[in-house]
Number of protein chains: 4
Amino acid sequence: MELVVTDLAASRHFYVDVLGLVVTEEDTDTVHLRTFEEFIHHNLVLRQGPVAAAAALSYRVRSPADLDRAVAFYAELGCRVERRAEGFTSGVGDSVRVVDPLGFPQEFFHDVQHVERLAWRYDLQPPGALVRLDHFNQMTPDVPRAVAFMEGLGFRVTEDIRDAEGTTYAAWMRRKPTVHDTAMTGGDGPRMHHVAFATHEKHSIIAICDRLGALRLSDRIERGPGRHGVSNAFYLYLRDPDGHRVEIYTQDYYTGDPDNPVVTWDVHDNQRRDWWGNPVVPSWYTEASLVLDLDGHPQPVVARTEAGELAVTVGADGFSYTRAGDEPDELPTWKQGEYKLGHQL
Amino acid sequence: MELVVTDLAASRHFYVDVLGLVVTEEDTDTVHLRTFEEFIHHNLVLRQGPVAAAAALSYRVRSPADLDRAVAFYAELGCRVERRAEGFTSGVGDSVRVVDPLGFPQEFFHDVQHVERLAWRYDLQPPGALVRLDHFNQMTPDVPRAVAFMEGLGFRVTEDIRDAEGTTYAAWMRRKPTVHDTAMTGGDGPRMHHVAFATHEKHSIIAICDRLGALRLSDRIERGPGRHGVSNAFYLYLRDPDGHRVEIYTQDYYTGDPDNPVVTWDVHDNQRRDWWGNPVVPSWYTEASLVLDLDGHPQPVVARTEAGELAVTVGADGFSYTRAGDEPDELPTWKQGEYKLGHQL
Amino acid sequence: MELVVTDLAASRHFYVDVLGLVVTEEDTDTVHLRTFEEFIHHNLVLRQGPVAAAAALSYRVRSPADLDRAVAFYAELGCRVERRAEGFTSGVGDSVRVVDPLGFPQEFFHDVQHVERLAWRYDLQPPGALVRLDHFNQMTPDVPRAVAFMEGLGFRVTEDIRDAEGTTYAAWMRRKPTVHDTAMTGGDGPRMHHVAFATHEKHSIIAICDRLGALRLSDRIERGPGRHGVSNAFYLYLRDPDGHRVEIYTQDYYTGDPDNPVVTWDVHDNQRRDWWGNPVVPSWYTEASLVLDLDGHPQPVVARTEAGELAVTVGADGFSYTRAGDEPDELPTWKQGEYKLGHQL
Amino acid sequence: MELVVTDLAASRHFYVDVLGLVVTEEDTDTVHLRTFEEFIHHNLVLRQGPVAAAAALSYRVRSPADLDRAVAFYAELGCRVERRAEGFTSGVGDSVRVVDPLGFPQEFFHDVQHVERLAWRYDLQPPGALVRLDHFNQMTPDVPRAVAFMEGLGFRVTEDIRDAEGTTYAAWMRRKPTVHDTAMTGGDGPRMHHVAFATHEKHSIIAICDRLGALRLSDRIERGPGRHGVSNAFYLYLRDPDGHRVEIYTQDYYTGDPDNPVVTWDVHDNQRRDWWGNPVVPSWYTEASLVLDLDGHPQPVVARTEAGELAVTVGADGFSYTRAGDEPDELPTWKQGEYKLGHQL
């Protein structure tokens with residue numbers, strides 16, 4: 001993932017000094033970072049720029065020949081394609097960047113520079129060490145269209161959120177055998193909803209929260225920690241100095257079987273986003289990062305026209321239940337302030 | 001702690017089947033429960049009754065002679081005192097019950113029946129085993145008055161929440177060398193705010209949340225899990241079927257030194273109640289359990305007249321900061337919905 | 001994995017009542033078990049029989065057509081092959097069993113019966129819930145030969161143990177992107193060294209140890225818990241009532257890159273098998289389960305002729321170091337009893 | 001605890017850089033260290049000296065007047081007593097040092113310098129942060145005599161190890177309401193067996209092991225990690241550069257009731273020292289630190305004449321059982337190498 005940040009020193013402080021990512025290489029404009037189990041040069045690039053945005057969502061392909069296939073595939077679709085034999089950033093060789101039909105800047109690469117995998121370097125790891133870049137999450141107005149396109153690339157749906165009227169609110173899609181490599185979240189887009197890093201245990205995520213508190217940076221916590229319904233993973237959402245959303249994530253399940261069952265959640269099930277029924281802060285549904293085209297200009301944002309998850313679950317026009325069949329108004333008093341606000345406004 | 005519950009079967013389900021407390025003895029009207037490291041007959045009694053309330057906050061005294069001292073002490077204060085050589089419930093002998101000057105039903109006892117301490121019985125312990133009754137929390141209109149009274153009994157303040165105008169919002173008081181055996185929380189009272197049970201690790205508390213989700217009982221979660229600022233403990237607040245509040249609590253610190261430093265928190269410090277700055281649900285400030293007099297009638301509730309913590313921290317008349325010196329309006333967008341609601345209403 | 005056990009009731013007690021595996025289906029001769037995140041009918045079969053042994057190491061293939069390929073592949077090699085359209089056990093359809101060139105009974109299947117994935121059923125999960133069958137470990141006299149054969153099937157080496165003289169003592173091989181789906185351990189064989197189940201966190205493994213202690217079954221613990229050097233995973237080895245070895249395993253690392261670096265460990269590095277330098281009990285090197293041919297008869301065991309890991313690391317003819325370059329005799333007094341025994345015998 | 005170390009730089013590296021204790025004050029000869037929840041100037045002093053030894057086992061008393069009582073008490077017993085109004089080291093005022101009748105150098109103090117309690121400073125805490133000095137462990141030839149003396153000081157036995165012939169092998173004694181402030185371990189003495197620091201969770205102890213592995217210092221691990229039978233705590237024993245033994249310890253139970261039940265363990269119960277039945281390395285029974293008299297000379301060591309725990313539990317003259325009633329020879333093969341060694345020698 002390559003992120004454009006507006007104050008590189010502030011972002012470096014957040015990702016390196018607070019979250020503990022490892023600097024592989026840096027100069028005045030760019031910081032290349034990696035997690036403790038990564039042997040590739042980097043898995044996050046911070047680049048100084050005028051407008052905070054995601055510049056590339058990058059995937060490694062199995063062989064150099066896959067890059068030729070990517071060029072042909074996207075060119076056939078009429079997408080803008082750019083290939084650089086020397087790569088777009090340090091540590092990565094021959095690479096292809098495209099703006100895909102959904103409007104996202106995608107990158108594909110195979111050739112990489114190897115660095116030390118710090119998995120065994122417990123002497124260097126802080127409490128809450130981030131070990132792996134786990135997934136992206138993309139906000140897009142039309143989820144079924146996005147799903148269909150990604151299925152064409154070989155991604156498979158593992159879980160989704162729907163309603164009885166047939167609207168799909170979000171879908172999780174995988175290449176590696178976990179719940180996802182990326183998710184398609186319904187909303188105004190194309191925007192980058194979040195990038196997620198994995199830790200090993202739940203207390204690792206708590207350690208990050210505790211450290212943010214100690215540094216008086218607790219307002220970087222947007223949502224969580226909590227247990228997801230979707231994915232069954234333990235999670236935390238942070239916002240970096242530019243507002244880019246970062247998830248810390250651990251312990252979903254194996255999905256590598258060819259007939260892995262898809263789990264569909266009812267959008268009104270209040271445990272779908274948080275298994276404990278804790279409320280989702282509205283900004284989590286509405287805010288996301290701009291994405292750039294290949295010239296570095298922000299892509300225009302198209303509004304979602306279908307029903308939105310926030311509107312249908314909270315407030316005067318929405319409802320959430322803990323138990324299927326419960327009446328919308330049967331919330332205990334301690335939940336009403338959170339979920340029935342709309343009734344009062 | 002003795003709780004009056006209005007549906008004993010429902011309460012038994014919650015405390016035994018969901019939370020995993022151990023039944024020492026029960027009959028049609030009463031269930032005596034204990035935690036896994038308790039060797040005394042019980043530390044929680046559920047009793048069927050017409051009005052949900054706390055019937056007794058009970059403390060063990062060091063010797064039988066302390067009961068004579070208790071009788072003399074409370075009689076001198078003009079409190080109603082009742083002593084029963086056979087005890088007020090099964091498993092406990094000679095006991096004294098009083099209504100203290102703050103209006104709370106307090107019990108003192110020494111003679112107890114021993115039962116098996118199940119500390120080593122890992123074959124019986126569920127995920128999230130509750131090991132000890134850690135503390136009570138009492139809601140009372142006048143915190144300084146309550147603190148002064150408890151100090152006379154030998155309790156010592158370990159932490160408190162104040163403001164620059166001299167108002168005390170809450171105080172934590174200890175006998176055993178932890179942060180508290182009871183806390184005095186400012187609010188309409190006398191009411192019982194919560195009873196807290198200890199677990200060993202943070203994942204134990206998460207396991208309880210996960211189980212509530214699996215049982216579709218997540219709406220029993222009122223607040224948390226999270227890290228307290230005050231006490232530095234990891235916490236979760238639940239509401240039982242009658243609305244009695246139960247805290248699950250782990251990992252505060254040793255306070256047994258005679259000069260243990262008192263930690264005073266600014267009421268506007270948004271990390272005082274939750275170190276991660278997560279919002280406190282309004283019901284947590286306003287709702288609490290009635291307490292009974294010695295005849296089993298609910299004590300009248302007197303309104304707090306001093307400033308209230310909810311009002312001074314949230315909404316049009318309040319503010320909370322993450323960093324001392326920050327402007328009240330400088331909240332990031334994802335925090336505004338939670339803390340600046342008052343501005344909009 | 002299908003295990004033949006000599007006392008089905010005793011084995012059922014161990015796997016179900018002690019380890020907490022879920023019974024999908026059982027009759028008087030057979031118990032079909034699964035882990036909490038498995039959606040396939042079973043991943044462990046216990047079958048009553050006269051001689052304790054492993055009857056099948058089973059792999060799921062991507063498509064039904066892969067079974068035809070398997071038949072052709074093994075027939076070409078001159079292996080005995082048996083195919084049953086109705087499967088060899090309940091819950092699995094069309095299956096192929098072979099005795100591979102290394103002497104192991106391997107099974108391949110695609111068609112399965114789906115059952116509930118209990119990942120979210122925290123109400124059913126005990127402390128230390130086993131979530132997935134992670135890998136097998138096979139003992140074979142000639143590791144390089146075994147590696148070469150498995151590479152032909154598409155497995156890839158992730159880590160191995162060697163010495164300066166060119167001997168390979170063990171190799172870990174993967175299909176899914178973890179450290180292994182199976183390992184080849186040098187020793188008398190073909191024998192089944194262990195089958196491993198995954199948990200989510202390290203405390204889960206500790207919980208299993210604690211429960212074994214509470215049940216006075218601590219002598220089922222053969223080795224651990226500890227941190228592996230190889231794989232960087234946290235581990236525990238148990239022995240079931242027939243002596244079949246079971247590993248509980250958590251938190252290795254992602255190996256799915258095409259150029260994932262192979263980690264080679266020196267056999268004399270005392271942190272290779274246990275990162276903390278704790279000794280490996282001799283039985284762990286010498287004992288393993290018989291494997292059966294397709295008629296249910298134990299395969300003859302062929303002795304390893306190359307140097308053995310136990311002999312070269314412990315005792316008069318072996319040595320282990322903590323720091324490369326240390327003298328073999330420089331062990332602290334508290335380590336000498338464990339590693340220098342040979343000097344004294 | 002004041003330790004004399006022979007290479008201050010090496011010891012400082014171990015306690016500060018590896019274990020993560022906090023330096024409050026240091027000079028060329030002395031390092032004053034504290035744990036993260038300590039508000040007193042220090043709880044461990046390292047002092048450069050010619051012979052590795054424990055110079056003082058120090059207890060804080062409730063009031064200055066208790067120091068007068070201590071002087072009178074030990075003088076009456078004929079012990080050598082030294083009092084210094086300015087204290088024996090930085091950060092502590094008026095103090096009394098004695099050689100007690102058991103031969104140990106004990107210190108008592110009340111007046112201390114306060115420093116910042118770093119409990120909330122998660123930004124400074126490493127994985128496995130040590131939070132509290134929990135207890136001492138003293139090796140002494142005659143355990144009943146030692147227990148009787150300590151009971152006279154107000155300590156109470158919480159657990160002990162005995163045999164059917166009436167020998168007491170060890171006893172745990174408390175002032176604060178945990179399992180112990182000190183333990184009396186039978187063996188040649190007076191010697192200091194270990195000093196123990198508390199962490200919050202079990203994974204904290206594992207993190208220390210992992211870090212030792214990463215630093216190629218795993219040979220500092222003498223025993224563990226494991227679960228104690230006695231105390232039910234999770235433990236690890238390390239040896240510092242001089243061989244001083246340090247325990248890392250977490251999660252025993254509350255013992256503050258006046259009638260807290262004493263738990264007595266059979267010396268032949270193989271789960272008493274390790275609940276999982278893992279073997280105790282012989283050095284743990286036989287090695288300990290010298291203690292100094294008030295002139296800084298090592299106290300002579302007197303041999304234990306009663307039966308020793310190592311001899312009666314391992315080897316030709318001893319036995320250990322997992323289940324009471326089991327035959328001594330009924331160990332599984334994987335346990336025989338560890339426990340039946342004596343039969344072979």
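Residue numbers begin at 1 in each chain, while the letters A, B, ... track the order of the sequences.
In summary, B/R156 and B/D259 do not engage in a salt bridge, as defined by a charged side-chain N under 4.0 Å from a carboxylate O. Looking at D/R272 and D/D266, no side-chain N of the basic residue comes within less than 4.0 Å of a carboxylate O on the acidic one, giving no salt bridge.
At distances below 3.5 Å, not a single donor-acceptor pair connects side-chain atoms of B/D274 with backbone N or O atoms of B/G226.
With a 4.5 angstrom heavy-atom cutoff, B/F39 touches chain D only via side-chain atoms. In this structure, chain D has no heavy atom under 4.5 Å from any part of B/V131. Using a 4.5 Å cut-off between heavy atoms, D/V112 touches chain B through its side chain atoms alone. Using a 4.5 Å cut-off between heavy atoms, D/D134 does not touch chain B at all. Contact annotation for B/D252: only backbone heavy atoms (N, CA, C, O) come within less than 4.5 Å of a heavy atom of chain D.
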_B/D68 vs B/R83, salt bridge (charged side-chain N to carboxylate O under 4.0 Å, His left out): CA-CA, chis, key distance, verdict_ = CA-CA 10 Å; B/D68 302 328; B/R83 181 169 188 167; 2.7 Å; yes
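In this structure, CE on B/M150 lies 4.0 Å from CZ on B/F155, to the nearest 0.5 angstrom.
Side-chain contact check for D/P258 versus B/R60: some heavy-atom pair is nearer than 4.5 Å.
Here D/P261 is the residue among D/S63, D/P261, D/G256 with the most heavy-atom pairs under 4.5 Å with chain B. By number of non-hydrogen pairs under 4.5 angstrom with chain B, the leading residue of D/R62, D/H110, D/H114 is D/H114. Ranking D/E37, D/K202, D/R132, D/H203 against chain B, the residue ahead of the rest is D/K202, based on heavy-atom pairs under 4.5 Å. For the set B/R117, B/R227, B/K176, the count of heavy-atom pairs under 4.5 angstrom toward chain D peaks at B/R117.
Counting only N and O atoms by type, the side chains of D/T35 and D/N43 include a donor and acceptor under 3.5 Å apart.
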